[in-house]
Participant: 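One structure is given below, represented as structure tokens, and several questions about it will come after.
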Amino acid sequence: MPRKTAARTARLASIPLGVAGRAVGGWGKRLAGQSADEVSAELSARTAEQLFAVLGQLKGGAMKFGQALSVFEAAVPDEMAEPYREALTKLQSAAPPMTKAATHRVLAQQLGRGWADRFADFDDAPAAAASIGQVHKATWHDGRVVAVKVQYPGADEALLSDLRQLQRFSRLFQPFVPGLEVKPLLRELSDRMTEELDYRAEADNQRAFAKAFDGDEKVLVPKVVASAPKVTVTEWVDGKPLARIIRDGDKAERDHAGRLLCEFHFSSPARAGLLHSDPHPGNFMITPDGKLCVIDFGAVARLPEGLPRPLGMMTRLSLDGNSDRLLQLMRDEGFVRTGMKIEAEDVLAYLAPFAEPAAVEMFHFTRRWMQRQAERVGDLRGQDFKTGRSLNLPPHYLLVQRVTAGATGILCQLDAEVGMREIISRWQPGFADLD
């Protein structure tokens, strides 16, 4: 994992420079008689390939940003999305691994020189890779099969460096997330990154979730076996990753996964006082007995009172068409920028489409639906864009909204049909109990 800022900056800078170089080459091919569509397709594919290569090699904040982008690819128009879709989704579960020697050094530093004695067996080939660590399958000394997550050396030095540099290139990534501002996403990721570096804190988060969902019929959270600042040992769970269900699952699998994901997202604040805040398919599996297995608890939002009640009220008021009360609530909660004059009907028109999943008994999440929302709020000539510029997302709502948007992106990737109204009515305060 490259540690030095100069080296990492050079690699990140190669992305926009590479794009520029390919654009120049593309003009040359146009002049040589190749069609615009052929040139565009080739440029898109090569840009996606470079994006994955650079972000995957750097891991750290760069890879984390790529993972965050990957759940929003459903909003990208189909005609330009396919080359990026494959490259970005690779970042959900794959990255070049550490060497065996480097892995052993970290284990010795964290678990002691006799670390190998704590295991009956340890597979040196990583089973999975994440943004700041990789996972090995092993057998604990008592016979339990476990997952051992080992943090990459230098991850702490690389994280903030990556995110500072990515801010400089944020415009390049905007096409991946139409309708969403990239810079605030990067700022929010920066705030959360330092928390993820401490695996002891992550282990505490996972213990809290495991306790809240212990014995649950629908959700499985692996129990923590041991932890250290840069190593965690948890129960091993086999399952079918959501990325594979997105790629080739049948309708029943997609709908089942989508329903469980929604129930987990909306119920965990009430049940655990916490919200899992790293929604991408690499963090979820469906077990052989049909449960949703959730992993990676480095990023969580602490919500001891559950999900914010005003969000449920805003959804319900949008569905009811109560524009005046909706605007007043949004002003009271700080969602309208100070001094902005805005019409209640325009606010309702802006928010109501986002509330559509709760308007019917069963809602079909599709890429086209998400694309329409992105096109609507991103159209510079439209009223929704003007309305959006008058609105504000208060800091204490930012993480909840980002996680909800990420989960919605996964639902659209799944092409899932889910009974959202019942789930929201049960778990989202303010929706069913609106005065």
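Index from 1, following the sequence.
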Participant: Looking at Asp204 and Arg207, does any basic side-chain N land under 4.0 Å from a carboxylate oxygen?
Facilitator: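 Counted as a salt bridge, because a side-chain N and a carboxylate O are separated by less than 4.0 Å.
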Participant: Taking the side chain from Glu333 and the backbone from Pro310, do they hold a donor-acceptor pair closer than 3.5 Å?
Facilitator: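 Side chain of Glu333 to backbone of Pro310: no pair is present.
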Participant: Does the pair Val403 and His276 meet the rule for a side-chain contact (heavy atoms from CB on, under 4.5 Å), with working shown?
Facilitator: CA-CA 8 Å; Val403 173; His276 183 282; over 6 Å; no
Participant: Is any side-chain N of the basic residue among Arg254 and Asp415 closer than 4.0 Å to the acidic one's carboxylate O?
Facilitator: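 No.
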Participant: Would you name the heavy atoms of Ala125 and Asp123 that are closest together and state the gap between them?
Facilitator: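 Closest pair (atom of Ala125, atom of Asp123, distance): N-OD1, 3.0 Å.
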Participant: How long is the straight-line distance from CG of Asp124 back to CG of Leu107, given to the nearest 0.5 Å?
Facilitator: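 Separation between the atoms: 9.0 Å.
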Participant: Do Trp115 and Asp117 have side-chain atoms, one donor and one acceptor, less than 3.5 Å apart?
Facilitator: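 The criterion, which ignores hydrogens and geometry beyond distance, is not satisfied for Asp117 and Trp115.
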Participant: Can you tell me how the ring of Phe363 sits relative to the ring of Trp369, calling it parallel under 30°, perpendicular over 60° and tilted otherwise?
Facilitator: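 Perpendicular: the ring planes of Phe363 and Trp369 meet at over 60°.
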Participant: Keeping Thr315 on the side-chain end and Leu311 on the backbone end, is there a donor-acceptor pair under 3.5 Å?
Facilitator: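 Yes; at least one donor-acceptor contact below 3.5 Å.
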Participant: Spell out, as yes or no, whether a donor-acceptor pair under 3.5 Å connects the side chain of Gln134 to the backbone of Pro126.
Facilitator: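 Pair absent, no side-chain N/O of Gln134 close to backbone of Pro126.
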Participant: Could you tell me whether the side chain of Asn283 and the main chain of Asp278 form a donor-acceptor pair under 3.5 Å?
Facilitator: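 Yes; at least one donor-acceptor contact below 3.5 Å.
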Participant: Taking the side chain from Arg200 and the backbone from Lys230, do they hold a donor-acceptor pair closer than 3.5 Å?
Facilitator: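 No.
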Participant: Return the OG1 to CZ distance between Thr408 and Phe354, rounded to the nearest 0.5 Å.
Facilitator: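 Nearest 0.5 Å value for the OG1-CZ distance: 9.5 Å.
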Participant: Can any side-chain N or O of Tyr152 pair as donor or acceptor with the backbone N or O of Gly133 at less than 3.5 Å?
Facilitator: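 Such a contact is found between Tyr152 side chain and Gly133 backbone.
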Participant: Counting C-beta onward and ignoring hydrogens, is there a side-chain heavy-atom pair between Leu275 and Val300 closer than 4.5 Å?
Facilitator: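 Sidechains of Val300 and Leu275: no contact.
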Participant: Test side-chain contact (heavy atoms from CB on, under 4.5 Å) on Val294 and Val219; report intermediate values, then the result.
Facilitator: CA-CA 7 Å; Val294 186; Val219 175; 4.2 Å; yes
Participant: Identify every side-chain donor-acceptor pair in residues 255-273 under 3.5 Å, counting partners at least two apart or on other chains, and give the distances.
Facilitator:
unit_1, atom_1, unit_2, atom_2, d
Asp255, OD1, Glu417, N, 2.8
Asp255, OD2, Lys251, NZ, 2.7
His256, ND1, Arg259, NH2, 3.2
His256, NE2, Gly290, O, 2.7
Glu263, OE1, Lys218, NZ, 3.2
Glu263, OE2, Lys218, NZ, 3.3
His265, NE2, Thr404, OG1, 3.2
Ser267, OG, Glu263, O, 2.6
Ser268, OG, Phe264, O, 3.1
Ser268, OG, Leu274, O, 3.3
Arg271, NH1, Asp216, OD1, 2.9
Arg271, NH2, Ala212, O, 3.4
Arg271, NH2, Asp216, OD1, 2.9

Participant: Can you give me the closest heavy-atom contact between Pro222 and Ile295, atom names plus distance?
Facilitator: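 Answer, listing the atom of Pro222 first, then Ile295: CG-CG2, 4.2 Å.
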Participant: How close do Ser277 and Ala301 get, counting heavy atoms only, and between which atoms?
Facilitator: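 The answer is OG-N, 3.1 Å.
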Participant: Please work out whether the ring planes of Phe213 and Phe209 are parallel, tilted or perpendicular, with thresholds of 30° and 60°.
Facilitator: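 Ring orientation, 0 to 90° scale: parallel.
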Participant: Hey, what do you get for CE (Met420) to OG (Ser425), rounding to the nearest 0.5 Å?
Facilitator: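 The CE atom of Met420 sits 10.0 Å away from the OG atom of Ser425.
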Participant: Does Asp296 come within less than 4.0 Å of Lys149, counting only side-chain N to carboxylate O?
Facilitator: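 Here Asp296 pairs with Lys149 in a salt bridge, since their nearest N and O are under 4.0 Å apart.
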Participant: Check whether Thr387 reaches the backbone of Phe385 with its side chain - one donor and one acceptor, N or O, closer than 3.5 Å.
Facilitator: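 A pair under 3.5 Å: no.
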Participant: What is the minimum heavy-atom distance between Glu375 and Arg368, and which atoms define it?
Facilitator: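 That would be OE2-NH1, 3.1 Å.
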Participant: Of all residues at least two apart in sequence or in a different chain, which pass the ring-ring contact (aromatic ring centres under 6.0 Å, His included) check with Phe335?
Facilitator: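 Residues passing ring-ring contact (aromatic ring centres under 6.0 Å, His included) with Phe335: Tyr397.
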Participant: Which pair of non-hydrogen atoms, one from Pro281 and one from Leu242, has the smallest distance, and what is that distance?
Facilitator: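 Where Pro281 meets Leu242 most closely, the heavy atoms are O-CB, 3.8 Å.
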Participant: If we only count heavy atoms from C-beta on, is the Glu422 to Glu361 side-chain gap below 4.5 Å?
Facilitator: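 No. Closest side-chain heavy atoms not under 4.5 Å.
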Participant: Are the side chain of Asp433 and the backbone of Gly430 linked by a donor-acceptor contact shorter than 3.5 Å?
Facilitator: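 Indeed, once roles are kept as given, a pair shorter than 3.5 Å links the two residues.
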Participant: Does any non-hydrogen side-chain atom of Val336 lie less than 4.5 Å from one of Leu391?
Facilitator: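 Yes, close enough: below the 4.5 Å cut-off.
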Participant: Which residue in the set Val135, Val224, Val148 passes side-chain contact (heavy atoms from CB on, under 4.5 Å) when paired with Thr234?
Facilitator: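 One option only clears the test, and that one is Val224.
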Participant: Check the pair Phe119 / His136 against ring-ring contact (aromatic ring centres under 6.0 Å, His included), numbers first and verdict last.
Facilitator: CA-CA 12 Å; Phe119 298 92; His136 295 258; 9.9 Å; no
Participant: Determine whether a donor-acceptor pair (N or O, by modelled atom type, separation under 3.5 Å) exists between the side chain of Arg376 and the backbone of Tyr350.
Facilitator: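 Judged by distance alone, yes, a pair lies under 3.5 Å.
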Participant: Using 0.5 Å steps for rounding, measure from the CZ atom of Phe365 to the SG atom of Cys412.
Facilitator: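 Rounded to the nearest 0.5 Å, the CZ-SG separation comes out at 6.5 Å.
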Participant: Would you call Leu220 and Met285 a side-chain contact if the rule is heavy atoms closer than 4.5 Å?
Facilitator: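 When only atoms from C-beta onward are counted, Met285 and Leu220 do not touch, as no gap falls below 4.5 Å.
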Participant: Listing request: all side-chain hydrogen bond (donor to acceptor under 3.5 Å, both in side chains) pairs with a residue in residues 137-147, at least two apart in sequence or in separate chains.
Facilitator: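 Counting only pairs at least two positions apart or across chains, the side-chain hydrogen bond (donor to acceptor under 3.5 Å, both in side chains) contacts touching residues 137-147 are Asp142-Arg144.
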Participant: Report the C-alpha separation of Arg367 and Gln413 in whole Å, then their side-chain angles, then the decisive distance to 0.1 Å, and conclude whether the side-chain contact (heavy atoms from CB on, under 4.5 Å) test is met.
Facilitator: CA-CA 6 Å; Arg367 283 188 164 94; Gln413 290 175 333; 3.8 Å; yes
Participant: Indicate whether any N or O donor in one side chain lies under 3.5 Å from an N or O acceptor in the other, for Asn205 and Arg302.
Facilitator: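 On atom types as modelled, these side chains qualify, holding a pair under 3.5 Å.
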Participant: Check whether any side-chain heavy atom of Val231 lies under 4.5 Å from a side-chain heavy atom of Val106, and answer yes or no.
Facilitator: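 SC-SC contact between Val231 and Val106 confirmed.
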Participant: How far does CD of Gln428 sit from CZ of Arg316, to the nearest 0.5 angstrom?
Facilitator: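 Between atom CD of Gln428 and atom CZ of Arg316 there are 12.5 Å.
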Participant: Run the numbers on Lys291 and Ile286 for side-chain contact (heavy atoms from CB on, under 4.5 Å), then give the verdict.
Facilitator: CA-CA 5 Å; Lys291 292 184 180 181; Ile286 299 298; over 6 Å; no
Participant: Run the salt-bridge test on Glu356 and Arg372 with the 4.0 Å N-O cut-off and return the result as yes or no.
Facilitator: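 Answer for the salt bridge query: no.
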Participant: So, the side chain of Thr287 versus the backbone of Gly239: is there a donor-acceptor pair under 3.5 Å, distance only?
Facilitator: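 Side chain of Thr287 to backbone of Gly239: no pair is present.
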Participant: Please give me the minimum heavy-atom distance between Pro153 and Met98, naming the atom from each residue.
Facilitator: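 Scanning both residues completely, I find the closest heavy atoms to be CD-SD, 3.1 Å.
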